[in-house]
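Given the structure is predicted, the values throughout are model-derived calculations rather than measurements. Counting convention: from 1, in listed order, for ligands and their atoms alike.
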Amino acid sequence: MADGTTLMVSVGSYLPERVMTNHDLAEMVDTSDEWIRQRTGIAQRHIVAEGQKTSDLARHAAERALEHCGLTGSDIDLIIVATSTPDDTFPSTATKVQHQIGATTAIAFDVQAVCAGFVYALDVADAMLSAGRGRRALVIGAESFSKILNWEDRSTCVLFGDGAGAVLLERCEAVDDFGILASRLHADGAHRDILYVDGGPSSSGTVGHVRMEGNKVFRHAVEKLSSVMDEVLAAADMTVDQVDWLVPHQANIRIIEGMQKKMGLSDERVVKTVHHHANTSAASIPLALAAAVGDGRVRNGQILAFEAIGGGLVWGAALVRYGRPNGQ
Ligand code: UT7
């Protein structure tokens with residue numbers, strides 16, 4: 001493996017214009033603003049417009065990440081889109097983005113790890129850059145979950161939203177204690193049945209809808225997330241005290257606060273966007289990061305902890321010192 005460091009130098013995000021509130025949902029299914037807020041923390045979610053595709057969301061997020069560091073598509077060698085809601089069964093959403101942003105020499109493919117898609121794609125990109133497969137990568141989480149919801153099933157349709165976030169990674173000479181410091185991933189297919197989509201090309205030949213036994217997923221969440229967080233901290237030889245921000249997957253405020261409590265973090269050290277974005281699956285971490293970088297909470301050189309769990313089950317965590325060593 002080539003000696004070097006993978007920096008996370010910028011972030012961009014995009015949310016579709018249309019906002020759907022809990023009150024809007026209460027007119028569609030037997031639910032209430034009070035139930036949704038109390039059980040999930042969600043107040044609203046963004047929903048794609050007619051004809052707007054996952055690749056459109058991904059493209060906007062990618063362009064913003066590029067703009068923030070003065071680069072263009074031609075500077076990119078690798079594009080990974082983490083998504084479970086691709087435009088089409090094939091070709092990949094990443095190849096569409098590659099074409100749209102003019103990244104003509106970039107390798108492009110999708111990663112499918114549902115809500116853990118961003119931490120999975122980040123690890124894959126880091127491994128490829130460190131193996132010499134290019135200098136700069138865009139890792140994009142993009143989802144149009146509204147397209148795979150059963151809008152008559154109140155136990156799932158209130159939970160998800162659409163959006164995209166992208167980070168730009170840059171491989172440079174070895175710099176101690178900067179960039180991606182550690183990353184750990186896990187999978188356990190024995191729990192497939194508690195969170196899945198009841199359709200697919202080789203099963204039903206349809207797209208299908210999300211099905212979830214939420215309370216079962218919930219029971220796995222904090223336990224698995226805190227255990228993988230311990231693993232990455234140990235791998236980076238760090239303690240929780242050194243983490244400036246937990247930027248968690250945004251599925252449910254109770255899971256986020258469960259992790260916050262386990263890690264002993266104050267409110268000032270946890271980024272929470274679930275209220276406004278709902279669960280955007282693979283997009284939720286980069287969307288949360290973009291919000292916190294955008295409003296100045298996350299600053300260059302700070303240590304970020306990412307964690308996520310999703311259907312599979314799959315889960316993972318990563319520790320990153322954000323930005324560039326010289327602050328430029
Ligand atoms: O990102 C991927 C990973 N996914 C997750 O992390 C999701 C994890 N799970 C959760 O976030 C929670 O389990 C949910 C928010 C999905 C559900 O919360 P819960 O506290 O586990 O509720 P529950 O599923 O046990 O349901 C409690 C009650 C049930 O009624 P009864 O049987 O007690 O009469 C449900 O029918 O709430 C009812 N219910 C609703 N009521 C109003 C379920 N959905 C709704 C709803 N509005 N939308």
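- Partners of K262 according to the side-chain hydrogen bond (donor to acceptor under 3.5 Å, both in side chains) rule, which considers only residues two or more places apart in sequence or in another chain, do not exist here.
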Exercise. Going through the distances and angles, do D267 and K272 end up as a salt bridge (charged side-chain N to carboxylate O under 4.0 Å, His left out)?
Worked result: CA-CA 9 Å; D267 271 343; K272 300 172 189 173; 3.0 Å; yes
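- For D123, the side-chain hydrogen bond (donor to acceptor under 3.5 Å, both in side chains) criterion is met by S183, not counting sequence neighbours.
- In terms of the side-chain hydrogen bond (donor to acceptor under 3.5 Å, both in side chains) criterion, residue partners of N279 (sequence neighbours excluded) are, by chain and number, H249.
- The pair R133-D77 does not count as a salt bridge, with every side-chain nitrogen at least 4.0 angstrom from each carboxylate oxygen.
- For ligand 1, the 4.0 Å heavy-atom shell takes in D30, T31, W35, R39, T40, C115, R154, S155, V158, L159, L195, M212, G214, N215, V217, F218, H249, A251, N252, R254, I255, N279, I309, ordered by chain and residue number.
- Taking the six-membered ring where tryptophan is involved, the planes of H60 and Y14 are tilted, since the angle between them lies from 30° to 60°.
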